[in-house]
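Residue numbers count from 1 along this sequence. Side-chain atoms are counted along with the backbone in the values below, which use heavy atoms only and exclude waters and symmetry mates.
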Amino acid sequence: MNQTLFDQVADGMPAAQKAELLAGHMASMAENYWTLGNDITAFAVVQMIALVIAVAGKTIPRRSLQDNWVVTIALFAAGTFLYCYAVYHCYEMEQFIIDKHADFKVTVYGRMALIILTNMGGVLWVVKMHTEDSKKP
């Protein structure tokens with residue numbers, strides 16, 4: 001018969017001790033999802049800041065973004081959606097594991113707002129670069 005790792009570790013333990021071990025494991029998983037949501041948010045923000053800094057000067061990436069501005073904006077929008085989806089999924093998993101985490105809905109919306117605002121800044125930067133490029137003779 002196939003046993004899970006938890007069943008193998010908890011084999012022979014009293015039921016109360018098994019429940020305590022499982023509760024600790026579930027709390028740890030919820031904490032991992034919380035951390036993952038924070039990490040995804042931080043990565044999205046740092047990635048956009050790094051991109052804006054990288055294209056601030058007269059560089060090859062800047063020229064590429066100016067020439068392909070529609071594709072760049074579409075990719076920013078897709079990335080924003082995927083980051084927000086990942087952050088919301090982390091919240092759903094936290095809530096599924098521990099009901100008390102449903103109280104943190106404001107946090108997930110704050111994370112998503114930060115991702116959206118940062119990426120909107122990137123989009124505005126690309127549009128500004130494109131309009132500056134269009135005005136040059």
Side-chain angles (χ1 to χ4, degrees):
M1 175 163 87
N2 289 338
Q3 284 188 320
T4 64
L5 181 60
F6 177 78
D7 290 335
Q8 291 172 6
V9 170
D11 192 32
M13 283 185 182
Q17 192 175 7
K18 278 185 185 180
E20 186 178 327
L21 181 64
L22 184 58
H25 178 69
M26 297 304 275
S28 174
M29 283 183 62
E31 182 66 30
N32 288 341
Y33 278 111
W34 175 267
T35 302
L36 182 60
N38 287 338
D39 292 346
I40 292 168
T41 303
F43 180 79
V45 170
V46 169
Q47 181 186 31
M48 187 55 62
I49 291 170
L51 179 66
V52 168
I53 290 170
V55 298
K58 302 286 184 202
T59 61
I60 293 172
R62 179 184 177 119
R63 187 74 191 149
S64 178
L65 289 180
Q66 286 174 325
D67 292 344
N68 303 307
W69 68 278
V70 174
V71 173
T72 302
I73 291 173
L75 289 173
F76 281 0
T80 301
F81 172 77
L82 291 174
Y83 285 135
C84 287
Y85 175 78
V87 165
Y88 193 79
H89 182 70
C90 286
Y91 165 75
E92 285 182 330
M93 291 305 295
E94 288 175 54
Q95 183 182 356
F96 176 75
I97 293 169
I98 298 177
D99 291 338
K100 180 97 172 111
H101 281 241
D103 297 342
F104 300 130
K105 198 166 209 158
V106 171
T107 303
V108 76
Y109 288 140
R111 289 173 180 162
M112 291 167 63
L114 186 59
I115 292 168
I116 290 167
L117 289 173
T118 305
N119 281 303
M120 289 286 293
V123 167
L124 292 174
W125 180 265
V126 170
V127 169
K128 180 181 179 295
M129 284 190 317
H130 176 70
T131 55
E132 283 178 358
D133 191 43
S134 300
K135 291 180 183 177
K136 290 181 183 176

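Under the 4.5 Å side-chain contact rule for hydrophobic residues, Val106 and Phe104 do not share a cluster.
Here the CG atom belonging to Leu36 is positioned 9.0 Å from the CD atom belonging to Glu94, to the nearest 0.5 angstrom. A distance of 11.5 Å separates CG of Asn32 from CE of Met93, quoted to the nearest 0.5 Å.
Hydrophobic cluster membership for Val71: Leu75 (Ile, Leu, Val, Met, Phe, Trp, Tyr linked by side-chain heavy atoms under 4.5 Å, directly or transitively).
Listed here is the closest heavy atom pair of Gly37 and Cys90: N-SG, 3.9 Å. Across Ile98 and Ala27, no two heavy atoms sit closer than the pair CD1-CA, 3.6 Å.
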Quick one: side chains of residues 110-124, donor-acceptor pairs under 3.5 Å with protein atoms, not counting sequence neighbours, listed by atom name and distance.
{"from": "Arg111", "atom 1": "NE", "to": "Asn38", "atom 2": "OD1", "distance (Å)": "3.1"}
{"from": "Arg111", "atom 1": "NH2", "to": "Trp34", "atom 2": "O", "distance (Å)": "3.3"}
{"from": "Arg111", "atom 1": "NH2", "to": "Asn38", "atom 2": "OD1", "distance (Å)": "2.7"}
{"from": "Thr118", "atom 1": "OG1", "to": "Leu114", "atom 2": "O", "distance (Å)": "2.7"}
{"from": "Asn119", "atom 1": "ND2", "to": "Thr80", "atom 2": "OG1", "distance (Å)": "3.1"}
{"from": "Asn119", "atom 1": "ND2", "to": "Ile115", "atom 2": "O", "distance (Å)": "3.0"}

Identify each donor-acceptor pair in which a side-chain atom of residues 45-57 lies under 3.5 Å from a protein atom, sequence neighbours left out, and give them as a table.
{"from": "Gln47", "atom 1": "OE1", "to": "Tyr83", "atom 2": "OH", "distance (Å)": "2.5"}

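Residues passing the ring pair (Phe, Tyr, Trp, His ring centres under 6.0 Å) test with Tyr88, sequence neighbours excluded: Tyr91.
By the neighbour-count criterion of 12 heavy atoms within 6.0 Å, atom CZ of Phe76 is densely surrounded, having more than that number from other residues, nucleotides or ligands.
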